[in-house]
Visitor: 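Below: one structure in structure tokens.
Here the structure is a predicted model, which is why all the values come from computation and not from measurement. The sequence lines fix the lettering, A, B, ..., with proteins before strands; numbering per chain opens at 1.
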Protein chains: 2
Amino acid sequence: MAASNRTPFAILGFLTLGPMSGYDIKKLVEESTENFWSESFGQLYPALRKLTEDGLIAKQATASEGGRPRNIYSINDRGREALATWQREPTAPPPVRIELLLKLFFGEHCDRATNRKQILAYREQMVRDLERYRAIRERLHRDRSENAGLPYWLLTLRFGERDRAAHIEWCDETLAVLDELPDGGSEAGEEGNPQWQASTQTGT
Amino acid sequence: MAASNRTPFAILGFLTLGPMSGYDIKKLVEESTENFWSESFGQLYPALRKLTEDGLIAKQATASEGGRPRNIYSINDRGREALATWQREPTAPPPVRIELLLKLFFGEHCDRATNRKQILAYREQMVRDLERYRAIRERLHRDRSENAGLPYWLLTLRFGERDRAAHIEWCDETLAVLDELPDGGSEAGEEGNPQWQASTQTGT
DNA sequence: ATTTGCATGTAAAATGTTACATGATTGC
DNA sequence: GCAATCATGTAACATTTTACATGCAAAT
């Protein structure tokens, strides 16, 4: 998985929004970047410790109100610098692993109904995503209109909207194409053909 | 990474194209599904051994021509059944981890030039992908027009084309938006604002 | 009372990439 | 002769998820 652990940078980014605990970060991730970037506690807590050791963030144990112990982390100047440096660096292309396409690539061995069902399920997910994005957009405009980060958040949201819309169009085109194709059926047999070698490359 | 190791199914899929070695599979992956599904030797060889042990494929050691030893694997009926079963099963949504969007999400803390540079680099990659896909498409039509799998391969290629085209449009829109925004600059300071909690969710 | 949420963390397992070891053969 | 490619495999490392352990506080 390449030499790249971006969790520290995600943490630094969220800490620019204000001091907070690991738990807070996790919650924030879930309600903001989850659609294109997620983090689990198993990554978060070790990374917080490392960032503290490296002096990019400061930890402040709090047991004040209610007596509930919390570790509150704040970003410092070195942390802000590390964040900015990362933002200027070349960005790794996102790794893609689209199981749907792998299934469809071998779709010749399935009956039409199976292929259709897979595409339809994917399409429904895309539609649900779009509905969710619309709700998020409305909520952002309602509750966050003053925030300086809002334009950037909206740009990432727009990415999701365009992406999903394009995939829905692909689903519709694909369904139409599938209807024109002979219905295979998954009967074994036919004997693997021998002209497989070289040049079959395909998209994404 | 969730209970899902799809490598065996990828292998089974490729073996439907004919008997071949692990090395052959790796080559085929590179020139066909690499854009949406890749495999490394570190996954391939252990998975081939496991599939053989489980009786879904058969291994045949060859030392024939030239004396070069090769292990040729063939899918059998149980393997074909396992493949078809997987193709009918619900498909996990692809995991997304888009570093570009994470950077842009915190773009408020960068100067405009940095944000622009990141988007432009991404756009260039999308354009290169599209050019590559066009070459693949031409090659497929030229060399593979007889193959029964071709329509399905073209569908996965179309996915990549639509995806990249949509992302390019997003890049253009984003660049226009960035030009309207005040140029931040990465100076520390400003003090993290305190109204971060709840409702910031965004797209993809 | 009991569930839900707050809160921190660790351990183990799954998954995946990269680098290495090894050696044959083919084309220049 | 030498580089490239064929060919198989392992080991180490990196990354990430899931499950668990632990316990307090607030709301129903």
Visitor: A:I11 CD1 to D:dT16 P: how many Å, rounded?
Guide: 12 Å
Visitor: Whole Å only: how far is the CG atom of B:N5 from the C1' atom of D:dT18?
Guide: 16 Å
Visitor: Going by atom type alone, with no hydrogens or angles, which donor-acceptor pairs under 3.5 Å involve a side-chain atom of residues 47-61 of chain B and a protein atom two or more places apart or on another chain?
Guide:
from, atom 1, to, atom 2, distance (Å)
B:K50, NZ, B:D54, OD2, 2.9
B:T52, OG1, B:L48, O, 2.7

Visitor: Sequence neighbours excluded, which residues qualify as side-chain hydrogen bond (donor to acceptor under 3.5 Å, both in side chains) partners of B:Y122?
Guide: B:H167
Visitor: Once you round it to whole Å, what is the distance between C1' of C:dG9 and CD of A:E39?
Guide: 16 Å
Visitor: Which nucleotide in the list D:dA7, D:dT16, C:dT17 gets nearest to the side chain of A:Q43?
Guide: D:dT16
Visitor: Tell me which one of B:K103, B:Q125, B:E99 satisfies side-chain hydrogen bond (donor to acceptor under 3.5 Å, both in side chains) with A:T91.
Guide: B:K103
Visitor: With the criterion being N/O to N/O and under 3.5 Å, what pairs connect the protein with nucleotides 3-6 of chain D, and how long is each?
Guide:
from, atom 1, to, atom 2, distance (Å)
D:dC6, OP2, B:Y23, OH, 2.9

Visitor: Residues two or more places apart in sequence or in another chain: which of them pass salt bridge (charged side-chain N to carboxylate O under 4.0 Å, His left out) with A:E169?
Guide: B:R162
Visitor: Taking only residues two or more places apart in sequence or in another chain, which ones pass side-chain contact (heavy atoms from CB on, under 4.5 Å) with A:S40?
Guide: A:Q43
Visitor: According to side-chain contact (heavy atoms from CB on, under 4.5 Å), who are the partners of A:S74, at least two apart in sequence or on a separate chain?
Guide: A:P19
Visitor: Would you indicate, yes or no, if C:dA7 has its OP1 or OP2 atom less than 4.0 angstrom from a side-chain nitrogen or oxygen of A:T62?
Guide: no
Visitor: Using OP1 and OP2 only, check whether a side-chain N or O of B:S40 sits under 4.0 Å from C:dT17.
Guide: yes
Visitor: Taking only side-chain N and O atoms of A:T7, does any of them lie within less than 4.0 angstrom of OP1 or OP2 on D:dT15?
Guide: no
Visitor: When the distance from CG of A:N71 to C1' of D:dT22 is rounded to whole Å, what number comes out?
Guide: 15 Å
Visitor: Using atom NZ of B:K50 as one end and atom P of D:dT8 as the other, report the distance to the nearest whole Å.
Guide: 21 Å
Visitor: What pairs with B:F106 under ring-ring contact (aromatic ring centres under 6.0 Å, His included), at least two apart in sequence or on another chain?
Guide: A:F14
Visitor: Grab the N/O contacts between the protein and nucleotides 10-12 of chain D below 3.5 Å, and write none if there aren't any.
Guide:
from, atom 1, to, atom 2, distance (Å)
D:dT10, OP1, B:R49, NH2, 3.2

Visitor: Does B:R128 CZ have over 12 foreign heavy atoms under 6.0 Å away?
Guide: yes
Visitor: Rounded to whole Å, how long is the line connecting atom CD of A:E30 with atom P of C:dC6?
Guide: 10 Å
Visitor: Rounded to whole Å, please give me the gap between CG in A:L51 and P in C:dG9.
Guide: 13 Å
Visitor: Could you work out, with ring-ring contact (aromatic ring centres under 6.0 Å, His included) as the rule, every residue matching A:W37, not counting sequence neighbours?
Guide: none
Visitor: Report yes if at least one side-chain N or O of A:S21 is closer than 4.0 Å to OP1 or OP2 of C:dC6; otherwise report no.
Guide: no
Visitor: Measure from NZ on A:K26 to P on C:dC6 and round the result to the nearest Å.
Guide: 13 Å
